[in-house]
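Here is the structure we will look at.
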Amino acid sequence: MLLYFFVPKPDITHPISYSTAFYDSSGKLLRLNLAADDRYRLWTPIEKIPLSVQQATLLYEDQEFYQHIGVDFVALTNAFYTSYIKRSRRVGASTITMQVARLRYGMNTHVIFGKIEQIFRALQIERYYSKEQILEAYFNLAPYGSNVEGIGAASLIYFKKPAIDLNLPESLLLSLVPQNPSKRNPVKQSAKIVLLKTRQKLFERWLEEHPEDKSWSAAMQLPIKVYSTSDLPFEAPHFINNLQNEYPHLKPGEYKTSIELNLQYLLERHATNYINRRKRDGLNNTSAILLNYKTMEVVAELGSVDFFNNEISGQVNGVRAKRSPGSTLKPFIYALAIDEGLIHPLTLVKDAPKRFGGYTPENYDQQFLGPISATDSLVLSRNVPAVNLMYRLKKVGLYDLLVAADIKKLKPKAFYGLALALGGNEVTMLELVKLYAMLANLGVYQDDIILKQELNSANKNKTQKRLLSPEAAYLTLQMLSKNNAVDEVDFQKDSRQTYPVYWKTGTSFAFRDAWSVGIVGPYVLATWVGNFSGEGHPSYIGRQAAAPLFFEIIRSLESYGLIKGDIKRSGLNLREVDICSSTGDLPNAHCPKTQKGLFIAGKSPIKVSDVHREIYIDKASGLRACQYNEATTTKDIYEFWSSDLVRLFKQAGIIKRQPPEYLDSCSINDTSTLGSAPTITSPSSLISYTVRASKLKRESIPFSATTDTDSRVLYWFVDNSFVGKVKRDTPLFWQPQVGEFDVKVVDNLGRSASVALRVKLVQ
């Protein structure tokens, strides 16, 4: 008896391993994992076990549970007499507490010493635990057939519902199984007849205490329909695998994830159908993700089109794999340029050949469009303007933004150079959609959420940081909204969406990755087409391979009424003004056409356009006059573009009308005060030029400048000494000398500019 008082408190539940169950955001089971001992055993607190299960189990197993002290000595004596003295049949007399002791400590209670140990363990358990705690332990340890243990796992497996939702027929059925889990395994066909008859008898006893449940009589006669462990769901496999990797120390239990199963099915259905249709084009795998940028929850994730297809390495998670993003990062270059005051959406940028040191980017089509708006440049994914803008960024560069956005495994900045603008780095699809979510959240970057518990956790260290001004983010979105939708099926082209889609495509080098990513309604959606092996294919072009699937998914979201709301600009420091359509600046009195445009007050580079100018034409000669005389001159409007833009227009097939030359009577004093002075493009005052001593006489430095439209000839001077003249747009090659010089250019109309030049000698 002293042993009873001094024995320590036993732990009746925690040393046992338990399963982990993952649910979608509405409580639908995604996956139930095995416990460490390869059994399905899901911890379920007593408050989540319905009274019908508790009462039915006690009615069948231990009616005196709340009266005895852990052992029913009267029943035990009768059982001993029948089993061992009379030897008529084997009778059990184990109470619920005794069964907890046997299940917890794995005793062999078929032998006398095992039975004695069970009795003492039951007394010990009763001393330290309440009846409710003992009942809770029983329902989490009781066997329910095969490798299923505990009411929580049994309910999920056999009836595809949590225990709390069990109805009376289901509760009575499960209360019968633990007494003989092998013969009464509800999955076995041979057990179903026995269970049906035994349940009916138990129901009759149940009605004696609960006559109000007589309405269940008909249901008790119905065939037993249960599922097996082979029917357990295996939903969103890439997502769940990643979740377990991301939270390796997650305790066994039940977890509600961010996944919305209906949206997960939507992605899977469209991806499967799309790849099946496009296999003839060489497309055999795709990944996709749908993120709610308002909550930052990943609501659907498709790592590959077929998780079980080894030919495409289906178990690789394309959403979390590092890939080249192609042009999908370009919007952030434009956003940074807007934030730095370099451009606004309608600013003219130059799509023309340009060398950046040893780097000469080309466009995908190997052509150049000349002067185009920043919006068109982004929508058409022109490479040179994007690289040039990135080159001009001084405050925060694209690399700095990627670092701030927690892009992992970045190499040093110098490794990428300007190629970063065209996808020279690697990102995951999740990292990419979080960047676009930052745009949708008007410049605020946030971490993604995959567990619902994180939303309510006081200890959740949720990262929130501003990477862009709200105005720059909003203007970038407006630029992206000008990108026309892509429809694979022709008849869809007749019905354009009435909601904005802020989206961009990308194609990586050697056609290895095709991307489409954008914002629609409350979601950021991304699709990728390619091979996990990295093998390229001519069909892997963003707009042709990834965009059709992207818009198929969007159409489905729309059909379900899920595309609601838009990104508002209320409260932002933005002004809407008339912009001269052809120049991107504020219109002067002579601009022929305007359009509405937004700019950031006090930041955007906005000025009055001077391209359209009124000049005076001599009636007699048709030449340009310096002064207006109503009798001898007329007024006419000409476009005065810089010489480099005139050249680009010409390359693009656009011929601009050139103003006539001045009358001989116009003096240099008259012409030098009209129009714009030249701009020296080479040499640059920002760098020091080096020449080799061994090849000094063969070295040369090009002198070049852009001029106003009416310039014809450029005169070059070094330290006020004339060194040569050239036609406009033609460089002058100067044989260098060592030292510091003042380089000056004067056009034929007397307008000038100068720049400092430094030349060093190297061996």
Side-chain angles (χ1 to χ4, degrees), residues 343-352 369-377 575-599 604-679 705-714 727-729 747-753:
I343 59 169
H344 58 78
L346 295 179
T347 298
L348 280 190
V349 296
K350 302 173 185 178
D351 181 24
L369 301 181
I372 57 175
S373 71
T375 296
D376 288 341
S377 174
R575 289 183 58 189
E576 185 176 60
V577 295
D578 288 326
I579 299 290
C580 187
S581 300
S582 56
T583 69
D585 292 323
L586 294 174
N588 62 11
H590 308 299
C591 177
K593 184 179 180 181
T594 63
Q595 64 183 105
K596 294 295 184 181
L598 292 172
F599 74 98
S604 296
I606 200 77
K607 67 180 189 303
V608 176
S609 172
D610 65 347
V611 169
H612 300 90
R613 304 178 198 168
E614 184 181 68
I615 65 173
Y616 313 131
I617 306 297
D618 180 66
K619 293 180 180 179
S621 64
L623 297 178
R624 184 177 176 184
C626 295
Q627 296 179 350
Y628 177 67
N629 185 308
E630 187 174 358
T632 61
T633 60
T634 61
K635 296 179 181 179
D636 201 355
I637 306 297
Y638 279 81
E639 295 181 15
F640 283 74
W641 298 95
S642 62
S643 58
D644 58 336
L645 292 180
V646 172
R647 185 173 65 255
L648 293 179
F649 279 127
K650 187 175 181 180
Q651 291 174 355
I654 303 172
I655 306 300
K656 295 293 184 180
R657 189 169 64 126
Q658 297 293 297
E661 294 187 10
Y662 280 98
L663 289 168
D664 291 338
S665 58
C666 291
S667 69
I668 198 75
N669 292 330
D670 294 324
T671 60
S672 63
T673 59
L674 301 174
S676 301
T679 300
T706 59
T707 69
D708 214 346
T709 299
D710 51 2
S711 292
R712 299 290 186 268
V713 180
L714 295 179
K727 292 183 179 180
R728 185 186 75 182
D729 299 329
D747 69 5
N748 59 294
L749 300 179
R751 298 169 297 204
S752 64

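Taking the ring axis of Y638 as reference, the NZ or CZ atom of R657 stays within 45° of it and closer than 6.0 Å to the ring centre. Cation-pi geometry between K635 and Y628 is met: the NZ or CZ atom falls under 6.0 Å from the ring centre, inside 45° of the normal.
R575 has its side chain out of reach of L598: every pair of non-hydrogen atoms, C-beta onward, lies at least 4.5 Å apart. For the pair S711/N748, a side-chain contact is recorded, criterion being any heavy-atom separation below 4.5 Å from C-beta on. For the pair R624/L663, no side-chain contact is recorded, criterion being any heavy-atom separation below 4.5 Å from C-beta on. Using a 4.5 Å cut-off on side-chain heavy atoms (C-beta onward), V577 and I579 make contact. W641 is not listed as a side-chain neighbour of T706, based on a closest heavy-atom distance of 4.5 Å or more.
Residues D710 and R728 are not paired through a salt bridge, judged by the lack of any N-O separation under 4.0 Å between the basic side chain and the carboxylate. By the 4.0 Å N-to-carboxylate-O rule, K656 lies close enough to E639 to be salt-bridged with it.
Here the side chain of T375 pairs a donor or acceptor atom with the backbone of P345 at under 3.5 angstrom. Put simply, the side chain of S643 gets close to the backbone of T707: a donor and an acceptor are under 3.5 Å apart. Side-chain atoms of N588 come within 3.5 Å of backbone N or O of H612 as a donor-acceptor pair. In this structure a side-chain-to-backbone donor-acceptor pair under 3.5 Å is present from T671 to L749. Looking only at distances, no side-chain donor or acceptor of S604 sits under 3.5 Å from a matching main-chain atom of I606. Between the S672 side chain and the I668 main chain, a donor and an acceptor come within less than 3.5 Å of each other. A donor-acceptor pair under 3.5 Å is formed between the side chain of D747 and the backbone N or O of R751.
Summarising the local packing, NZ of K650 is surrounded by 12 or fewer heavy atoms from other residues, nucleotides or ligands at distances under 6.0 Å. Within 6.0 Å of CD in Q627 there are 12 or fewer heavy atoms belonging to other residues, nucleotides or ligands. Summarising the local packing, CZ of R712 is surrounded by more than 12 heavy atoms from other residues, nucleotides or ligands at distances under 6.0 Å.
Looking at N669 and S667, their side chains never bring a donor and an acceptor atom within 3.5 Å of each other.
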Output, in order, the C-alpha distance, side-chain angles, deciding distance and verdict of side-chain contact (heavy atoms from CB on, under 4.5 Å) for C580 and D585.
CA-CA 6 Å; C580 187; D585 292 323; 5.5 Å; no

Test side-chain contact (heavy atoms from CB on, under 4.5 Å) applied to C626 and Y616, step by step:
CA-CA 7 Å; C626 295; Y616 313 131; over 6 Å; no

Could you walk me through whether D578 and K593 pass salt bridge (Lys or Arg N to Asp or Glu O under 4.0 Å), step by step?
CA-CA 10 Å; D578 288 326; K593 184 179 180 181; over 6 Å; no

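Expressed to the nearest 0.5 Å, how far CD of Q595 lies from OG of S582 amounts to 9.5 Å.
No option in T709, D708, I617 other than T709 meets the side chain to side chain contact (heavy atoms under 4.5 Å, CB included) test with P659.
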